[in-house]
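Contents: one structure, followed by commentary.
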Amino acid sequence: QVQLVESGGGLVQTGGSLRLSCGASGRAFSSYVMGWFRQAPGKEREFVAAISWGGSNTDVAVSVKGRFTISRDNAKNTMYLQMNSLKPEDTAVYYCAADRNPGWSRRVRERNEYDYWGQGTQVTVSS
């Protein structure tokens, strides 16, 4: 069992930045594919970014490409999402997720691929 805890959310103005963190329990973190998803009110949870177990592969949604960067520090059991040039449409609850399958494929964009989820952290971007 893996427990994931997100932090770093908050209220920021348009154009501002935030860095989200996702801390994981357990020694298997370094073998997991990790992902970030977000869910805005009234909308489905959508893929934001994913990173392979070693960090050599990343995938980022078109809507955030060039603004958001995903990274991880396996020594600290932590994943990050650096969010720059934030827009009101980025407002959502952001969730981190872990996939026990260490393989890298297009399926990292699919919610059903992930086995563990955090409780989420709210990001609000004011206009």
(Q) I'd like to know if the side chain of E6 and the backbone of Q119 have a donor-acceptor N/O pair within less than 3.5 Å. (A)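 A pair under 3.5 Å: yes.
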
Quick one, [X] and [Y] - any side-chain contact, counting heavy atoms below 4.5 Å?
| X | Y | result |
| --- | --- | --- |
| M83 | R67 | no |
| W104 | V33 | yes |
| Y114 | F37 | yes |

Q: Not counting sequence neighbours, which residues clear salt bridge (charged side-chain N to carboxylate O under 4.0 Å, His left out) with R45? List them please.
A: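 So R45 forms no salt bridge (charged side-chain N to carboxylate O under 4.0 Å, His left out) with any residue.
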
Q) Residues two or more places apart in sequence or in another chain: which of them pass salt bridge (charged side-chain N to carboxylate O under 4.0 Å, His left out) with E113? A)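 So E113 forms a salt bridge (charged side-chain N to carboxylate O under 4.0 Å, His left out) with R107.
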
Q: Establish, for the pair R72 and Y32, whether the NZ or CZ atom is under 6.0 angstrom from the six-membered ring centre and no further than 45 degrees off its axis.
A: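 No, cation not above the ring by the 6.0 Å, 45° rule.
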
Any chain of hydrophobic side-chain contacts (each under 4.5 Å) joining [X] to [Y]?
| X | Y | answer |
| --- | --- | --- |
| V2 | Y94 | yes |
| W117 | L4 | no |
| W36 | F29 | yes |

With [X], which residues qualify under side chain to side chain donor-acceptor pair (under 3.5 Å), at least two apart?
| X | result |
| --- | --- |
| R111 | none |
| S17 | N84 |
| E110 | none |

Residues that [X] engages under side-chain contact (heavy atoms from CB on, under 4.5 Å), provided they are two or more places apart:
| X | result |
| --- | --- |
| S126 | L11, Q13 |
| S63 | R38, A61 |
| V125 | V12, T14, L86, P88, D90, T91, V123 |
| S30 | N74 |

Q.
Enumerate the disulfide (SG to SG under 2.5 Å) contacts for residues 46-80, please, sequence neighbours excluded, ordered by first and then second residue.
A.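 Residue pairs passing disulfide (SG to SG under 2.5 Å), neighbours aside: none found.
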
Q | Y95 and Q39: CA distance, side-chain angles, deciding distance, side-chain contact (heavy atoms from CB on, under 4.5 Å) verdict | A | CA-CA 8 Å; Y95 299 90; Q39 188 166 17; 4.2 Å; yes

Only distances under 3.5 Å count here; give the side-chain donor-acceptor pairs of residues 18-26 to other protein atoms, sequence neighbours excluded, each with its distance to 0.1 Å.
from : atom 1 : to : atom 2 : distance (Å)
S25  : OG     : Q3 : N      : 2.9

Counting only pairs under 3.5 Å, give me each side-chain donor-acceptor contact of residues 47-57, with atom names and distances, residues two or more places apart or in other chains.
from : atom 1 : to  : atom 2 : distance (Å)
S52  : OG     : G55 : N      : 3.4
S52  : OG     : S56 : N      : 3.3
S52  : OG     : N57 : N      : 3.0
S52  : OG     : N57 : O      : 3.4

Please report the interatomic distance [atom1]([X]) to [atom2]([Y]), rounded to the nearest 0.5 Å.
| X | Y | atom1 | atom2 | value |
| --- | --- | --- | --- | --- |
| C96 | Y80 | SG | OH | 12.0 Å |
| Y116 | Q1 | OH | CD | 5.0 Å |
| M34 | S71 | CE | OG | 11.5 Å |

Q) Shortest non-hydrogen contact from S31 to A28? A)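 Answer, listing the atom of S31 first, then A28: OG-O, 2.7 Å.
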
